[in-house]
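Here's the structure we're looking at; comments come further down.
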Amino acid sequence: MKRTILAGVFGLMALPAMAQEAVTYPFNGTFGDATFAVESAILDRGLVIDLTSHVGDMLNRTGADVGSDVTIFEAADIFLFCSATLSREVMEADPMNIAHCPYGVFVAEREGEVMVGYRTYPDGEMQKVQALLDEIVQDALE
């Protein structure tokens, strides 16, 4: 019993270390302008967008089905992609960096404000990916 409780305590202590945060920037323009800018910034680097996830549409479409009338986002898309070069580099350093791929940049509109952002990554090799994501977002903001 003591081992079970001790394992639970250590498990809870690990949670903050696993938590990820998001870096967001306000976008001065419409949601459509922001999605175009992000898509262009990704493609301009020779990267291929594997999937555009229309999270906002899904949340708005399914709200009533799950018993909610809350509008979280007026619109929200996530662009998912990988970089063969960078992915190989970070996974050669630690094969478990596969858990972070594909990489994503999101655009969301909430309460009339448009934002662009990405999730943060752990220290070490994955900071190279985070730097790439920030470069993409900075290009989209120009």
Side-chain angles (χ1 to χ4, degrees), residues 3-142:
R3 287 185 183 168
T4 303
I5 292 172
L6 197 56
V9 169
F10 284 124
L12 289 175
M13 288 173 53
L15 285 178
M18 294 187 324
Q20 289 185 325
E21 297 181 16
V23 175
T24 62
Y25 296 94
F27 184 86
N28 187 19
T30 67
F31 177 81
D33 290 342
T35 58
F36 181 79
V38 166
E39 185 175 12
S40 296
I42 294 167
L43 297 176
D44 287 350
R45 285 175 168 68
L47 302 170
V48 175
I49 298 170
D50 296 317
L51 175 71
T52 302
S53 178
H54 303 286
V55 176
D57 290 344
M58 179 274 300
L59 290 170
N60 292 332
R61 183 180 65 251
T62 61
D65 297 336
V66 297
S68 177
D69 62 355
V70 175
T71 300
I72 301 170
F73 301 106
E74 285 83 46
D77 286 348
I78 305 170
F79 297 90
L80 299 172
F81 58 93
C82 272
S83 161
T85 305
L86 194 51
S87 294
R88 174 164 290 282
E89 183 179 341
V90 300
M91 287 181 219
E92 283 182 0
D94 180 355
M96 291 301 98
N97 281 333
I98 191 173
H100 304 293
C101 194
Y103 316 123
V105 174
F106 64 85
V107 177
E109 181 175 357
R110 184 177 167 131
E111 299 174 355
E113 301 292 324
V114 178
M115 70 179 106
V116 179
Y118 55 88
R119 68 177 171 209
T120 59
Y121 288 93
D123 290 338
E125 291 296 309
M126 289 306 296
Q127 287 301 299
K128 294 175 184 176
V129 173
Q130 188 166 322
L132 170 67
L133 298 178
D134 201 69
E135 290 171 11
I136 289 169
V137 169
Q138 294 306 318
D139 285 354
L141 295 174
E142 291 180 356

### Task
Start with the C-alpha distance between Phe81 and Leu43, add both sets of side-chain angles, then the distance that settles side chain to side chain contact (heavy atoms under 4.5 Å, CB included), and finish with yes or no.
CA-CA 10 Å; Phe81 58 93; Leu43 297 176; over 6 Å; no

### Task
Measure the CZ-OG1 distance between Arg119 and Thr24 for me, rounded to the nearest 0.5 Å.
15.5 Å

## Note on the structure
In short, Ala140 meets Ala41 closest at the heavy-atom pair N-CB, 4.2 Å

### Message
So, taking the atom named CD1 in Ile49 and the one named CD1 in Ile78, what distance separates them when rounded to the nearest 0.5 Å?
### Response
13.0 Å

Please list, one pair per line, the donor and acceptor atoms closer than 3.5 Å that link side chains of residues 88-97 to other protein atoms, with sequence neighbours excluded.
residue : atom : partner : partner atom : Å
Arg88   : NH1  : Glu92   : OE2          : 3.3
Glu89   : OE2  : Lys128  : NZ           : 2.3
Asp94   : OD1  : Met96   : N            : 2.9
Asn97   : ND2  : Val90   : O            : 2.8

### Message
Looking at every heavy atom in both Ala34 and Val114, which two are closest together, and how far apart are they?
### Response
CB-CG1, 3.8 Å

## Note on the structure
Val48 meets the side chain to side chain contact (heavy atoms under 4.5 Å, CB included) criterion, sequence neighbours left out, with Asp50

### Query
Is the backbone of Met115 close enough, under 3.5 Å, to the side chain of Glu109 for a donor and an acceptor to pair up by distance?
no

### Task
Return the orientation label for the Tyr121 and His100 ring planes: parallel under 30°, perpendicular over 60°, tilted otherwise.
perpendicular

### Query
Does a donor on one side chain and an acceptor on the other come within less than 3.5 Å for Tyr103 and Ser87?
yes

## Note on the structure
For Val23 and Phe106 the tightest heavy-atom approach is O-CZ, 4.4 Å

### Under 3.5 Å: donor-acceptor pair, side chain of Asp134, backbone of Gln130
no

### Query
With no hydrogens and no angle check, is any side-chain donor or acceptor of Thr120 less than 3.5 Å from a backbone partner on Glu21?
yes

### Summary
Quick note, side chain to side chain donor-acceptor pair (under 3.5 Å) partners involving residues 35-49, not counting sequence neighbours, are Arg45-Asp139

### Listed once per pair and sorted, the disulfide (SG to SG under 2.5 Å) pairs that draw on residues 29-68, sequence neighbours left out
none

### Check against side chain to side chain contact (heavy atoms under 4.5 Å, CB included), Val38 and Val137
CA-CA 7 Å; Val38 166; Val137 169; 5.8 Å; no

#### Entry: Reported CD1-to-CG distance for the pair Ile72 and Asn60, which is rounded to 0.5 angstrom
8.0 Å

### Message
Among residues at least two apart in sequence or on other chains, which ones pass side chain to side chain contact (heavy atoms under 4.5 Å, CB included) with Ala75?
### Response
Phe31

#### Entry: Residue pair Thr52 / His54, side-chain heavy-atom distance below 4.5 Å
yes

### Message
On a heavy-atom basis, which atom in Gly104 and which in Leu133 lie closest, and how many Å separate them?
### Response
O-CD1, 4.0 Å

### Any side-chain donor near an acceptor of the partner, Asp33 and Thr30, under 3.5 Å
yes

### Query
Can Phe79 and Val107 be said to form a side chain to side chain contact (heavy atoms under 4.5 Å, CB included), step by step?
CA-CA 8 Å; Phe79 297 90; Val107 177; 4.2 Å; yes

### Task
With sequence neighbours excluded, give me every disulfide (SG to SG under 2.5 Å) pair touching residues 52-125.
Cys82-Cys101

### Query
Can you check whether Ala108's main-chain N or O pairs, donor with acceptor, with Asp77's side chain at less than 3.5 Å?
no

### Query
Any donor-acceptor pair under 3.5 Å linking the side chain of Thr71 with the backbone of Phe73?
no

### Message
Just checking Asp65: does its CG atom have more than 12 heavy atoms from other residues, nucleotides or ligands closer to it than 6.0 angstrom?
### Response
yes

### Message
On a heavy-atom basis, which atom in Ala37 and which in Phe27 lie closest, and how many Å separate them?
### Response
CB-CE1, 4.3 Å

### Query
Do you know which two heavy atoms are closest between Leu132 and Ser83, and how far apart they sit?
CD2-CB, 4.4 Å

